[in-house]
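Taking it in order: structure first as structure tokens, then the write-up.
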Amino acid sequence: MNLVLLGPPGAGKGTQAVRLAEKYSIPQVSTGDILRKAVKEKTFLGVKAKSYMNSGKLVPDELVVEIIKERLVENDCENGFILDGFPRTMVQAEKLDNMLHTEGKRLNKVINIKVEDDLLIKRLTGRRICKDCGANYHIIFDPPTNEGMCNKCNGELYQRDDDEEDTIISRLDVYKKQTEPLIRYYEKQDMLATIQGNGAMDKIFSDMCQAIEGSM
Ligand code: AP5
Ligand code: ZN
């Protein structure tokens, strides 16, 4: 099962991808997570990507396409994957189609998560992430039991560099200009399911599972 999660920053792609990965036993492939790890480790990729990410711009297509090319041929992707945050431009979408075609594969479903801008800003400014295990929290919508501390591993929670309000506004703008056209692209291929992303996490998850299973 090869899935893509599409949606603006803060729509809940990461939150839901973790749940889908567990349910369907296929990996979550997040270009954002891969890039943040590279930035932290100061690799060649990380050094190149950092300034784009911190200003809310997209990292150049050739770099992210290469990341995905290498990631999708790993063994754990053999039975499927959940792409979270890729593709984000028309060029990336076309490259993905070619990549899959060469392997005799195709996408099964593209899930578009829809949320209004003012709620996205609230979600992103309140998001906190565990430094050790990467678990996601929200100071109001999904707070940890002990403030600043991860429920799963007691790790310290931090705020992403790009979750400041000014950067969030640029990310939303970039999404509208460069990523939103993909909705039409996948709609035309009859692959798109749009899910309302402003309810409870459990309800959104069950709507997603229904959309996925309904198409199998
Ligand atoms: P990336 O890491 O992909 O960030 P993003 O797309 O901006 O998405 P987010 O991770 O911010 O949001 P999300 O939808 O996963 O929401 P989440 O589940 O965390 O990319 C970061 C940067 O990397 C980009 O700006 C770019 O520079 C670069 N990059 C990455 N991929 C690239 C690509 N393909 N091409 C070029 N550049 C690329 O939820 C948000 C918060 O809301 C959390 O706190 C959560 O707890 C809360 N929440 C979630 N669901 C609910 C709910 N239903 N109710 C209440 N709260 C909720
Ligand atoms: Zn943790």
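Residues take their numbers from the sequence shown, with the count starting at 1.
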Worksheet entry | Under 3.5 Å donor-acceptor, Gln16 side chain and Ile204 backbone | no
Discussion item. Quick check against the 3.5 Å criterion: does Gln210 have a side-chain atom that pairs as donor or acceptor with the backbone of Phe205?
Written reply: no
Fill in: Salt bridge present between Lys176 and Asp117 (N-O < 4.0 angstrom)
yes
Discussion item. Any donor-acceptor pair under 3.5 Å linking the side-chain atoms of Asp97 with those of Tyr185?
Written reply: yes
Discussion item. Determine whether Ser170 and Lys57 satisfy the following criterion, side chain to side chain contact (heavy atoms under 4.5 Å, CB included), listing intermediate values before the conclusion.
Written reply: CA-CA 7 Å; Ser170 341; Lys57 297 204 181 87; over 6 Å; no
Fill in: Student check: side-chain heavy atoms of His138 and Pro143 closer than 4.5 Å
no
Worksheet item: Does the Thr145 side chain pair with the main chain of Asn151, one donor and one acceptor, at a distance under 3.5 Å?
Response: no
Worksheet item: Does any non-hydrogen side-chain atom of Leu157 lie less than 4.5 Å from one of Met149?
Response: no
Discussion item. Using 0.5 Å steps for rounding, measure from the CZ atom of Phe81 to the CD1 atom of Ile68.
Written reply: 8.5 Å
Worksheet item: Hey, are Lys37 and Asp33 close enough for a salt bridge, meaning a charged N less than 4.0 Å from a carboxylate O?
Response: no
Fill in: Same cluster (ILVMFWY, side-chain, under 4.5 Å), Val73 and Leu83
no
Discussion item. I need the Thr31 OG1 to Leu63 CG distance, nearest 0.5 Å.
Written reply: 12.0 Å
Fill in: SB check Asp163 Arg127 (cutoff 4.0 Å)
yes
Discussion item. Assess whether a salt bridge exists between Asp202 and Arg19, defined as any Lys/Arg side-chain N lying under 4.0 Å from an Asp/Glu carboxylate O.
Written reply: yes
Discussion item. Which heavy atom of Ile113 sits nearest to which heavy atom of Ala11, and what is that distance?
Written reply: CG2-O, 3.5 Å
Discussion item. Counting neighbours of CD on Glu116 that are heavy atoms of other residues, nucleotides or ligands and sit closer than 6.0 Å, is the number greater than 12?
Written reply: yes
Item to complete: Treating Ile, Leu, Val, Met, Phe, Trp and Tyr as nodes and any side-chain heavy-atom pair under 4.5 angstrom as an edge, say whether Ile139 and Ile121 lie in one connected cluster.
Response: yes
Worksheet item: Roughly how far apart are Leu124 CG and Ile168 CD1, rounded to 0.5 Å?
Response: 4.5 Å
Worksheet item: Are Lys122 and Asp118 close enough for a salt bridge, meaning some N to O gap below 4.0 Å?
Response: no
Item to complete: Output the distance between atom CG (Asp84) and atom CD (Gln28), rounded to the nearest 0.5 Å.
Response: 5.0 Å
Item to complete: Keeping the roles fixed (side chain from Lys13, backbone from Gly7), state whether a donor-acceptor pair exists under 3.5 Å.
Response: yes
Worksheet, complete the sentence: CG of Asp161 to CG of Asn54, rounded to nearest 0.5 Å, is 5.0 Å
Item to complete: Provide the closest heavy-atom pair for Gly148 versus Pro144 in the form atom of the first, atom of the second, distance.
Response: N-CG, 4.1 Å
Worksheet entry | Donor-acceptor contact present, side-chain Thr43 to main-chain Val39, <3.5 Å | no
Worksheet item: Considering only heavy atoms from C-beta outward, does the side chain of Leu3 approach that of Leu107 to under 4.5 Å?
Response: no
Discussion item. Within the 4.5 Å heavy-atom criterion, are Arg36 and Met53 side-chain neighbours or not?
Written reply: yes
Worksheet item: For atom NZ of Lys105, is the number of surrounding heavy atoms from other residues, nucleotides or ligands below 6.0 Å larger than 12?
Response: yes
Worksheet item: Within a radius of less than 6.0 Å around CG of Asp76, do more than 12 heavy atoms belonging to other residues, nucleotides or ligands occur?
Response: yes
Worksheet entry | Minimum side-chain heavy-atom gap Leu182-Leu6 below 4.5 Å | yes
Practice prompt. Just do the side chain to side chain contact (heavy atoms under 4.5 Å, CB included) check on Lys109 and Met191 with the steps written out, would you?
Written response: CA-CA 5 Å; Lys109 201 89 204 161; Met191 225 182 277; 5.7 Å; no
Worksheet item: side chain to side chain contact (heavy atoms under 4.5 Å, CB included) between Ile111 and Ile212: does it pass, once the steps are laid out?
Response: CA-CA 8 Å; Ile111 299 182; Ile212 293 166; 3.6 Å; yes
Worksheet item: Do the non-hydrogen side-chain atoms of Arg160 and Ile129 ever get within less than 4.5 Å of each other?
Response: yes
Worksheet item: Is the shortest heavy-atom distance from the side chain of Val18 to the side chain of Asn136 under 4.5 Å?
Response: no
Worksheet item: With no hydrogens and no angle check, do the side chains of Gln196 and Asp207 hold a donor and an acceptor under 3.5 Å apart?
Response: no
Item to complete: Return yes if some donor-acceptor pair links the side-chain N/O of Lys95 with the main-chain N/O of Glu62 below 3.5 Å, else return no.
Response: no
Worksheet entry | For Glu156 against Asp132, the heavy-atom pair lying closest together | N-OD2, 4.4 Å
Worksheet, complete the sentence: Checking Leu20, Ile26, Asn79, Ile82 against Met1 for side-chain contact (heavy atoms from CB on, under 4.5 Å), the one that qualifies is Ile26
Fill in: Considering all heavy atoms, the nearest Gly155-Cys130 contact
CA-SG, 3.9 Å
Worksheet item: Can you name the nearest heavy-atom pair linking Arg123 to Gly197, along with the distance?
Response: NH2-O, 2.7 Å
Discussion item. Would you compute the distance between atom CG of Asp166 and atom CZ of Arg171 and round it to the nearest 0.5 angstrom?
Written reply: 12.5 Å
Discussion item. Do Ile195 and Lys114 make a side-chain contact, defined as non-hydrogen atoms from C-beta onward lying under 4.5 Å apart?
Written reply: no
Worksheet, complete the sentence: Heavy-atom closest pair (Pro27 atom, Gly80 atom, distance to 0.1 Å) is CD-O, 3.3 Å
Item to complete: Measure from the side-chain N and O atoms of Gln92 to the backbone N and O of Arg88, and report whether any donor-acceptor pair falls under 3.5 Å.
Response: yes
Item to complete: List the steps and the verdict of side chain to side chain contact (heavy atoms under 4.5 Å, CB included) for Leu96 and Phe86.
Response: CA-CA 9 Å; Leu96 175 65; Phe86 182 96; 4.0 Å; yes
Fill in: Joint cluster assignment, Tyr186 & Val29, ILVMFWY side-chain distance < 4.5 Å
yes
Worksheet entry | Lys/Arg N to Asp/Glu carboxylate O, Arg71 vs Glu74, below 4.0 Å | yes
Worksheet item: Within the distance-only criterion (no hydrogens, no angle test), does the side chain of Asp162 pair as donor or acceptor with the backbone N or O of Thr167 below 3.5 angstrom?
Response: no
Item to complete: Treat each ILVMFWY residue as a node, draw an edge where side-chain heavy atoms are under 4.5 Å apart, and state whether Met201 and Ile140 are in one component.
Response: no
